[in-house]
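First comes the structure, then the notes that go with it.
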Amino acid sequence: MNKGTILLSTNSNLDMAAIARELATFFSLEAKECFTWASILGALRSVLTAKGDIFIPNPNAVNILFILVARMSGKSVVGGIHDAIGHDKKDRSKVFLYNKILSRFCYRIIFYSEFSRTQFQETYEFSGDMCVYYFGSRLLQGQKTAKKYDIIMFGRFRKYSGIEEFTKLIREVGSLKVLFVGSSVPLGLEEHGNVTVIRKYVSDSDLMRLIQATRAVVLPYNSASQSGAVPLAISLGANVVGYDVGGLEEQFFGVKNFLVRPNSSLVKAIEQAVATDGPDPVEIKRWNKKRLDVNKKNFKDEWAG
């Protein structure tokens, strides 16, 4: 990185914000959060006056504006790509267009799984530097919380998130206590006696407390490049259950997971995860060290400069 590089954090999601903070520390960069129009305008001024590269690790449509302004003012751009191919059909065109712009105007790109980088190489033409950087999350120092729920599902509930399986899963897990969190939780799930639904946006701190109060995070994704839910669950001492798709398995670095083959039943894995203690503080620190060591090695070996 050139001296004077500015990092723009353009996505306030818990995992994306954590990536931006960590990368800013990793490279000793000046970081600016761009979550409002006022902060976006301030960031544009910073882009115009910057003496080094512009580093934009968080995928977001507003990044196209930053990239074009940076290039017109003679700056080089490092971009971040979350998905090489959109998960739902309706997303594929805009994901393709966004990635084409990055492949045209960025000279370096960061991916968040080897799976995603491989997909990108098979789909787009790009001759610049590429590197994989694995998600981290907030490490809590030995906090213990009583387990109020058995399993939790949270986030954006889209078709690729496995929503078509939710009702079947609820019936099959029997008396296990299930928690759904998010403003787009499908209607009707709370009709089951073992289900609690929080159908609204919850703050990062509230979500973290809910995960700590749960034995396992369930990710019934049928498609995934990676997931910020994995490191979040690990760092909060919860087990992870899901299908072994995309780059999910890459994120565990030795931590026990309960991923099963696609199209197989999740129920047995859920029962095993609920009956097994989640990662303890020693395991969590070991996981985080392995993750950081791999990230440092990737930048050293695969990213010149």
Side-chain angles (χ1 to χ4, degrees), residues 12-15 83 86-91 137 144-246 248 256-279:
S12 61
N13 287 349
L14 187 57
D15 52 349
D83 299 319
H87 300 296
D88 290 337
K89 285 185 178 180
K90 65 180 181 179
D91 293 331
S137 198
K144 293 214 173 211
T145 303
K147 301 299 183 182
K148 185 177 179 181
Y149 306 99
D150 293 307
I151 62 176
I152 182 173
M153 286 176 265
F154 61 90
R156 295 188 307 163
F157 291 94
R158 308 277 291 277
K159 186 174 181 180
Y160 75 87
S161 305
I163 59 174
E164 295 173 347
E165 290 195 48
F166 287 178
T167 301
K168 180 183 176 185
L169 268 178
I170 291 168
R171 287 199 303 264
E172 292 182 345
V173 297
S175 61
L176 294 183
K177 295 179 180 178
V178 184
L179 173 64
F180 288 92
V181 181
S183 58
S184 57
V185 176
L187 297 174
L189 297 178
E190 55 268 69
E191 294 174 3
H192 300 267
N194 60 328
V195 174
T196 300
V197 174
I198 302 177
R199 192 176 286 105
K200 64 178 182 179
Y201 170 82
V202 298
S203 67
D204 292 347
S205 57
D206 285 343
L207 176 60
M208 292 170 74
R209 282 194 287 269
L210 290 169
I211 294 172
Q212 281 186 301
T214 308
R215 298 184 183 280
V217 172
V218 177
L219 308 175
Y221 301 159
N222 56 55
S223 175
S225 302
Q226 67 283 305
S227 175
V230 171
L232 185 58
I234 292 172
S235 66
L236 296 173
N239 288 319
V240 178
V241 183
Y243 294 117
D244 187 2
V245 295
L248 291 186
K256 182 176 178 59
N257 65 69
F258 297 84
L259 300 182
V260 300
R261 288 180 292 106
N263 300 318
S264 56
S265 174
L266 284 178
V267 176
K268 185 175 180 180
I270 289 173
E271 291 172 345
Q272 290 175 336
V274 169
T276 305
D277 289 336

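Bear in mind the structure is a predicted one, so any value in this text is a computation, not a measurement. Just the heavy atoms: all of them, side chains too, but no hydrogens, waters or symmetry mates, feed the values below.
Ser227 contributes a side-chain N or O that, together with a main-chain N or O of Ala229, makes up a donor-acceptor pair within less than 3.5 Å. A donor-acceptor pair is defined here as one N or O able to donate and one able to accept, closer than 3.5 Å; no such pair exists between the side chain of Lys256 and the backbone of Val240. Counting only distance, with no hydrogens or angles, the side chain of Asn194 and the backbone of Gly174 share a donor-acceptor pair below 3.5 Å. The closest donor-acceptor contact from the side chain of Asn239 to the backbone of Thr276 lies under 3.5 Å.
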With a 3.5 Å cut-off and sequence neighbours excluded, list the donor-acceptor pairs that the side chains of residues 264-274 form with protein atoms.
unit_1 : atom_1 : unit_2 : atom_2 : d
Ser264 : OG     : Arg261 : O      : 2.4
Ser265 : OG     : Val267 : N      : 3.2

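To the nearest 0.5 angstrom, Leu232 atom CG is 5.0 Å from Phe154 atom CZ. Once rounded to the nearest 0.5 Å, the distance linking CG of Leu179 with CD1 of Ile152 reads 4.5 Å. Between the CE atom in Met208 and the OG atom in Ser235 there is a gap of 6.0 Å [rounded to 0.5 Å]. In this structure, OG1 on Thr214 lies 10.0 Å from CG on Leu236, to the nearest 0.5 angstrom.
Contact of the Val241 side chain with the Ile151 side chain is not registered, since no non-hydrogen atoms from C-beta on lie closer than 4.5 Å. Counting heavy atoms from C-beta outward, Leu219 and Val230 have side chains that approach closer than 4.5 Å. With a 4.5 Å cut-off on side-chain heavy atoms, Pro220 and Met153 count as touching.
Applying the ring pair (Phe, Tyr, Trp, His ring centres under 6.0 Å) rule to pairs touching residues 155-182 yields His87-Tyr160, Phe157-Phe166, Phe166-Phe180, sequence neighbours excluded. Within the structure, salt bridge (charged side-chain N to carboxylate O under 4.0 Å, His left out) contacts touching residues 151-163 (residues at least two apart or in different chains) are Asp88-Arg158, Asp91-Arg158. Sorted by first then second residue, the ring pair (Phe, Tyr, Trp, His ring centres under 6.0 Å) pairs that include residues 188-226, not counting sequence neighbours, number zero. Pairs of residues two or more places apart, or lying in two chains, that qualify as salt bridge (charged side-chain N to carboxylate O under 4.0 Å, His left out) and include a residue from residues 168-190 are Glu190-Arg199.
Between Val245 and Asn222 the shortest heavy-atom distance is CG1-O, 4.1 Å. Scanning both residues, Val185 and Leu189, for their nearest heavy atoms gives CG1-CD1, 3.9 Å. Scanning all heavy atoms of the two residues, the minimum distance from Ser184 to Gly155 falls at OG-O, 4.1 Å. Asn263 approaches Tyr243 most closely through the heavy-atom pair N-CE2, 4.0 Å.
Legend: residues meeting side-chain hydrogen bond (donor to acceptor under 3.5 Å, both in side chains) with Ser203, ordered by chain and number and at least two apart, are Ser205, Asp206.
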